[in-house]
Every structure is written in C-alpha cells, then in structure tokens.
Amino acid sequence: MNNERLTAFEDAILAIIMTILVLDLSKPNPVSWTGLWALHASFFAYALSFFWIGLMWMSHHNSWQAVRTINMTTVLLTLVLLFFASLFPYTTSLVADSFDNATAQALYGIIIIAISLLNVGLSLNLGRLNPRAKFGLLYKTPTWVVLLDLGIKLIGLILAITIYPQAMIYSIFIAGLVLSISMTTNRQVKLN
C-alpha cells in the first residue's frame with residue numbers, strides 16, 4: 001500500500017465522521033432564538049468536535065506530503081486512530097445531551113486523548129521511516145506545544161472526573177487553540 005491510498009482512505013473516513021456529527025444536533029422546540037439558545041451546549045460540542053477533527057486532518061494533510069514510506073505499523077496505527085475518531089459522533093452526542101455529566105465528559109476526553117497519543121505514535125513511526133521529513137512528536141509541531149496540549153487535556157480529564165465535569169470540553173477547546181496558533185505561526189499552510 002502506498003501513502004496516497006492510505007491518506008485517501010483517512011480523508012474519506014474523517015469526512016464521513018464530520019458529516020455524521022451534524023445529524024445528532026437536535027432541533028429547537030420551539031423554533032426561536034430562545035429554543036436555539038437552549039441547545040447552545042449541543043452546538044458547542046458539535047463545533048468543537050468538527051474543528052478538532054478538521055485540525056487533525058489539516059495536520060495530517062500538510063505533514064504527509066513529506067512521507068514517502070509507510071509500513072504495516074503505519075496502517076495499523078491509522079486504523080486504530082480512525083476507530084477512535086469514529087466514536088466522535090457518539091461521544092459528542094453524549095456530551096451535548098449531558099453537558100454537566102462527568103462520565104460523558106470523561107469519555108469524550110479519553111477518546112480525544114487516545115487519538116492525540118495515536119497521532120504521536122503515528123508521527124514517531126513516520127519520522128523513523130522518513131528521516132528527511134524531520135518529524136517530532138506531532139509532525140512539525142514543536143515538542144513543547146505537543147506536551148502542553150497533552151498536559152492541558154490530562155488536567156481537564158482529572159478536573160472533569162473529580163470536581164468540574166465541563167473542564168474536559170473546555171480544556172480540549174484551549175488545547176485546540178494552542179495547536180491552531182502553533183500551526184499558523186510556525187509554518188505556512190500549503191493548499192493544493
């Protein structure tokens with residue numbers, strides 16, 4: 001298998017997941033500004049999940065252009081990553097319906113942390129196979145940013161389980177901002 005086939009497969013799966021996310025959004029009852037506001041937690045969970053997956057796709061898309069060699073470990077890590085990513089619609093729906101629930105928030109966070117760690121494993125694997133790419137913990141993202149990202153998410157998970165359930169989703173939002181800012185300030189995005 002070549003990397004183009006694997007990236008096309010990943011692109012397709014992520015696009016389907018992002019599309020399915022919107023299907024779980026409830027309709028307001030009544031259809032009014034008040035009704036829409038009553039669903040603000042659902043819209044926040046949807047938007048965060050959509051943009052988090054989009055950020056992951058953008059990172060892969062930009063970095064995989066330097067990849068010339070993949071192996072079976074690359075394929076397996078990608079499959080496991082996509083498995084966890086396929087749970088986004090479910091966990092997003094749980095958080096949207098039970099925003100104050102520690103279990104829903106923790107499950108959502110565990111899925112995102114698992115995907116983050118799989119991305120690190122994938123980057124390290126591809127870096128070994130493609131030394132010219134000069135990949136670090138998360139492709140070209142500075143190591144301190146990756147560690148900060150993981151630290152913010154882990155603190156959010158601990159807080160969500162112990163004292164403040166919403167800390168998980170807010171920590172993912174903050175970590176996403178950190179990664180977004182890092183991606184835009186450390187390199188230009190090439191659009192093909």
Side-chain angles (χ1 to χ4, degrees), residues 1-25 45-93 107-150 152-153 172-173 175-192:
M1 181 183 301
N2 61 32
N3 76 358
E4 289 86 16
R5 187 170 171 116
L6 185 60
T7 56
F9 176 70
E10 181 182 36
D11 287 351
I13 298 297
L14 292 178
I16 291 167
I17 292 167
M18 291 171 83
T19 303
I20 291 172
L21 281 171
V22 77
L23 298 177
D24 282 329
L25 283 176
Y46 162 75
L48 182 61
S49 295
F50 184 92
F51 285 109
W52 198 88
I53 294 170
L55 185 64
M56 181 177 68
W57 173 82
M58 187 173 70
S59 173
H60 284 211
H61 174 74
N62 291 331
S63 299
W64 277 61
Q65 293 179 28
V67 172
R68 300 290 171 252
T69 304
I70 64 172
N71 63 8
M72 189 54 72
T73 301
T74 310
V75 174
L76 291 173
L77 285 169
T78 302
L79 282 175
V80 175
L81 182 143
L82 292 173
F83 167 77
F84 281 104
S86 73
L87 293 170
F88 263 113
Y90 178 71
T91 57
T92 301
S93 177
L107 181 60
Y108 185 74
I110 289 168
I111 296 301
I112 287 191
I113 291 168
I115 292 169
S116 297
L117 293 173
L118 285 161
N119 272 314
V120 167
L122 194 54
S123 178
L124 293 173
N125 172 259
L126 290 171
R128 280 190 296 277
L129 296 172
N130 302 274
R132 288 185 177 180
K134 296 183 175 136
F135 289 158
L137 286 180
L138 188 60
Y139 305 110
K140 301 281 185 172
T141 304
T143 299
W144 71 269
V145 173
V146 178
L147 295 175
L148 180 62
D149 170 75
L150 290 170
I152 291 169
K153 291 172 188 167
I172 292 165
F173 177 74
L177 284 177
V178 168
L179 278 176
S180 298
I181 291 167
S182 172
M183 288 176 73
T184 57
T185 58
N186 287 327
R187 63 184 177 270
Q188 294 179 349
V189 176
K190 295 178 185 177
L191 299 176
N192 292 334

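Here the structure is a predicted model, which is why all the values come from computation and not from measurement. Values below: all heavy atoms of this structure, side chains included; hydrogens, waters and symmetry mates excluded.
Note: Ile113 CD1 to Ile172 CD1 = 7.0 Å, rounded to the nearest 0.5 Å. Atoms CG and CG, from Leu138 and Leu147 in turn, are 10.5 Å apart once rounded to the nearest 0.5 Å. Atom CD of Gln65 sits about 10.5 Å away from atom CD of Glu4, to the nearest 0.5 Å. Note that NE2 of His60 and CG of Asn62 are 11.0 Å apart. Values are rounded to the nearest 0.5 Å. Considering CG of Asp24 and CZ of Phe88, their distance stands at 13.5 Å, rounded to 0.5 Å. With rounding to the nearest 0.5 Å, the separation of CG in Leu177 from CG in Asp149 is 11.0 Å.
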Thr78 and Leu118: CA distance, side-chain angles, deciding distance, side-chain contact (heavy atoms from CB on, under 4.5 Å) verdict: CA-CA 8 Å; Thr78 302; Leu118 285 161; over 6 Å; no
Test side-chain contact (heavy atoms from CB on, under 4.5 Å) applied to Glu10 and Leu81, step by step: CA-CA 10 Å; Glu10 181 182 36; Leu81 182 143; 4.1 Å; yes
Phe9/Leu79 under side-chain contact (heavy atoms from CB on, under 4.5 Å): CA gap, chis, key distance, verdict: CA-CA 10 Å; Phe9 176 70; Leu79 282 175; 3.8 Å; yes
Side chain to side chain donor-acceptor pair (under 3.5 Å) evaluation trace for Asn71 with Thr74: CA-CA 5 Å; Asn71 63 8; Thr74 310; 3.0 Å; yes
Met183 vs Lys140, side-chain contact (heavy atoms from CB on, under 4.5 Å): CA-CA, chis, key distance, verdict: CA-CA 9 Å; Met183 288 176 73; Lys140 301 281 185 172; over 6 Å; no
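Here the shortest heavy-atom pairing between Phe173 and Leu48 reads CA-CD1, 3.7 Å. Residues Ser123 and Tyr139 share a closest heavy-atom pair of OG-N, 2.6 Å. Residues Thr92 and Ser49 come closest through the heavy atom pair OG1-OG, 2.6 Å. Heavy atoms only, all atoms of each residue included: Lys153 and Ala175 are closest at CE-CB, 3.9 Å. The minimum heavy-atom distance between Asn130 and Arg68, with the atom names listed, is OD1-N, 2.8 Å.
Considering only heavy atoms from C-beta on, Leu137 stays 4.5 Å or farther from Asn119 through its side chain. Ser86 is not listed as a side-chain neighbour of Ile13, based on a closest heavy-atom distance of 4.5 Å or more. At least one side-chain heavy atom of Trp64 sits under 4.5 Å from a side-chain heavy atom of Ile70.
The backbone N or O of Ile112 sits less than 3.5 Å from a side-chain atom of Ser116, completing a donor-acceptor pair.
Each of Val22, Thr19, Leu21, Ile17 was scored for a side chain to side chain contact (heavy atoms under 4.5 Å, CB included) with Phe50, with one residue passing: Leu21.
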